[in-house]
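This report refers to the structure that appears directly beneath it.
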Amino acid sequence: MFDTRHLRTFHAVVELGSFSAAARELGYTQPAVSQQMRALERSAGTPLFTRVGRRLRPTDAGRMLFRHASGILRDLSAAEEQIAAVRRLRSGRVRLCTFPSAGATLVPSAVTRLAEEHPGIRVELVETEPPGSLCALQAGECDVTIAFGYGGTVALPDGVAEEDTLAVPLLDDPVVIVLPRDHPLTRKRGVHLSDLADERWIAGCPRCRGNFVTACAAAGFEPDIAFTTDDNLAVQSLVAAGAGIACMPGLVLSCLRHPGVVGRRVEPPAHRTVAAYTLREYARIPATRLLLEVLEDTARRIGAGTVGVTGDGPMAG
């Protein structure tokens, strides 16, 4: 194996024709250059120079090594420049995995700000619901994932070690009851689940549906689920048509709301926790760390105002 320092010195010796000239160029002493060249010849197992008068000439092996060394040093220089660009946030790539409502609310503002401040950093977006998104993180298929959970925490799936992950809390997303505009309870600012025991329901994604059924059980009833769909607009369309009512995260209504529905906070207040996750090793990468910081700041700016519900629907602020 050749030492790159020796190759750099060897390249200078061949170009300049002597140890002393190479020493002046590189800031070494001549004995240091001679010592490096002896070490390089030992590594090569053959002489690399012949002396003609005061000048050194490369042997056939030396000329061959010089050609390769030129390419190696050029590639190393390019690598150093590219790594410096990544370190200084002039370039880089971050793969972000998110669920749909965060992808429509938090993510656009965050990636736009990132592009304005650091145009060389590219964000690749993939849409996946948890726990699949957290498994994708563990499998190395993304660098950052935005996930949600109920009960104040985001449960990590089997195979995702807590000690290997870094969590950045983003926001608490309030749970909202979605009603047709002509429903009598739209006159209230908040609706108790127990007041809705006799209603028909449209249920959403499996994780939200599981939390909803648990909340209904705590309120003393088993919900009559007439339809289930992961399509948030379909849920709202069914509600608007009078097919039932729904329980939905506020983030959804803040970015997508059918004109025929009204959102009201559930009482007592309930929410889902939204957080960004990365592997601790990934957090050492400048572009990944920067995206986490931008997501956290974007969530702070959005705050509870954007996902609040009042009057005819979500209140932006």
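Quantities reported herein were computed from a predicted structural model and do not represent experimental measurements. All residue numbers in this chain count up from 1 along the given sequence.
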In the single-linkage hydrophobic clustering (I, L, V, M, F, W, Y; side-chain heavy atoms under 4.5 Å), do [X] and [Y] co-cluster?
X: M64; Y: L56; answer: no
X: L73; Y: L16; answer: no
X: V168; Y: L171; answer: yes
X: V126; Y: V274; answer: no

- Message: Test side chain to side chain contact (heavy atoms under 4.5 Å, CB included) on V252 and Q236; report intermediate values, then the result.
- Response: CA-CA 10 Å; V252 175; Q236 295 181 48; 4.0 Å; yes
Taking all atoms of both residues into account, what is the closest heavy-atom pair of [X] and [Y], and its distance?
X: P108; Y: T105; result: CD-O, 3.6 Å
X: P223; Y: C216; result: CD-CB, 3.7 Å
X: L193; Y: A215; result: CD1-CB, 3.7 Å
X: I225; Y: A203; result: CG2-CB, 3.9 Å
X: A12; Y: L26; result: CB-CD1, 4.0 Å
X: V178; Y: V239; result: O-CG1, 3.6 Å

- Query: Below 6.0 angstrom between ring centroids: does that apply to F212 and W201?
  - Reply: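 Aromatic pair counts; centres sit under 6.0 Å.
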Taking the side chain as every heavy atom from C-beta outward, state whether [X] and [Y] have any atom pair closer than 4.5 Å.
X: T98; Y: T145; answer: no
X: S237; Y: D231; answer: no
X: P119; Y: E116; answer: no
X: L96; Y: V107; answer: yes
X: I72; Y: F2; answer: no
X: L292; Y: V144; answer: yes
X: L253; Y: M248; answer: yes
X: F99; Y: E127; answer: no

- Which residues pass the salt bridge (Lys or Arg N to Asp or Glu O under 4.0 Å) test with R272, sequence neighbours left out? D173
- Apply salt bridge (Lys or Arg N to Asp or Glu O under 4.0 Å) to R38 and list each qualifying residue two or more places apart in sequence or on a separate chain.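 For R38 there are no salt bridge (Lys or Arg N to Asp or Glu O under 4.0 Å) partners, ignoring immediate neighbours.
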Which distance, rounded to the nearest 0.5 Å, do you find between the [atom1] of [X] and the [atom2] of [Y]?
X: T229; Y: I202; atom1: OG1; atom2: CD1; value: 10.0 Å
X: L125; Y: C97; atom1: CG; atom2: SG; value: 8.0 Å
X: Q36; Y: L7; atom1: CD; atom2: CG; value: 10.0 Å
X: I285; Y: L291; atom1: CD1; atom2: CG; value: 12.0 Å
X: D195; Y: F221; atom1: CG; atom2: CZ; value: 9.5 Å
X: Q30; Y: S18; atom1: CD; atom2: OG; value: 7.5 Å

- Apply ring-ring contact (aromatic ring centres under 6.0 Å, His included) to F66 and list each qualifying residue two or more places apart in sequence or on a separate chain.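 So F66 forms a ring-ring contact (aromatic ring centres under 6.0 Å, His included) with H11.
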Is there a donor-acceptor pair closer than 3.5 Å between any side-chain N or O of [X] and the backbone N or O of [Y]?
X: T273; Y: Y150; result: no
X: T186; Y: H183; result: yes
X: R300; Y: L295; result: no
X: T288; Y: R284; result: no
X: H258; Y: G260; result: yes
X: R200; Y: F227; result: no
X: R51; Y: R57; result: no
X: T278; Y: D143; result: yes
X: R264; Y: V191; result: no
X: R207; Y: F148; result: yes

- State plainly whether the residues R113 and D297 are in salt-bridge range, i.e. N to O under 4.0 Å. yes
- Between R93 and E124, is there a salt bridge with N-O shorter than 4.0 Å?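 Yes, E124 and R93 are salt-bridged.
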- salt bridge (Lys or Arg N to Asp or Glu O under 4.0 Å) pairs, two or more places apart, involving residues 2-15: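 Matches after skipping sequence neighbours: D3-R5.
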- Counting only heavy atoms not in D198, do more than 12 fall under 6.0 Å of its CG?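 Counting neighbours around CG of D198, 12 or fewer heavy atoms of other residues, nucleotides or ligands fall under 6.0 Å, so no.
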- Which ILVMFWY residues are connected to L156, directly or by a chain of links, through side-chain heavy atoms under 4.5 Å apart? L134, L137, V154, V160, Y277, L279, Y282
- Task: Hydrophobic side-chain clustering at under 4.5 Å (ILVMFWY, transitive links): who's grouped with L256? Put none if nobody.
- Result: L233
- Among side-chain atoms of T128 and S133, is any donor-acceptor pair under 3.5 angstrom?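 Side chains of T128 and S133: no pair found under 3.5 Å.
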- Query: Going by atom types alone, do E41 and H6 pair a side-chain donor with an acceptor below 3.5 Å?
  - Reply: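 No.
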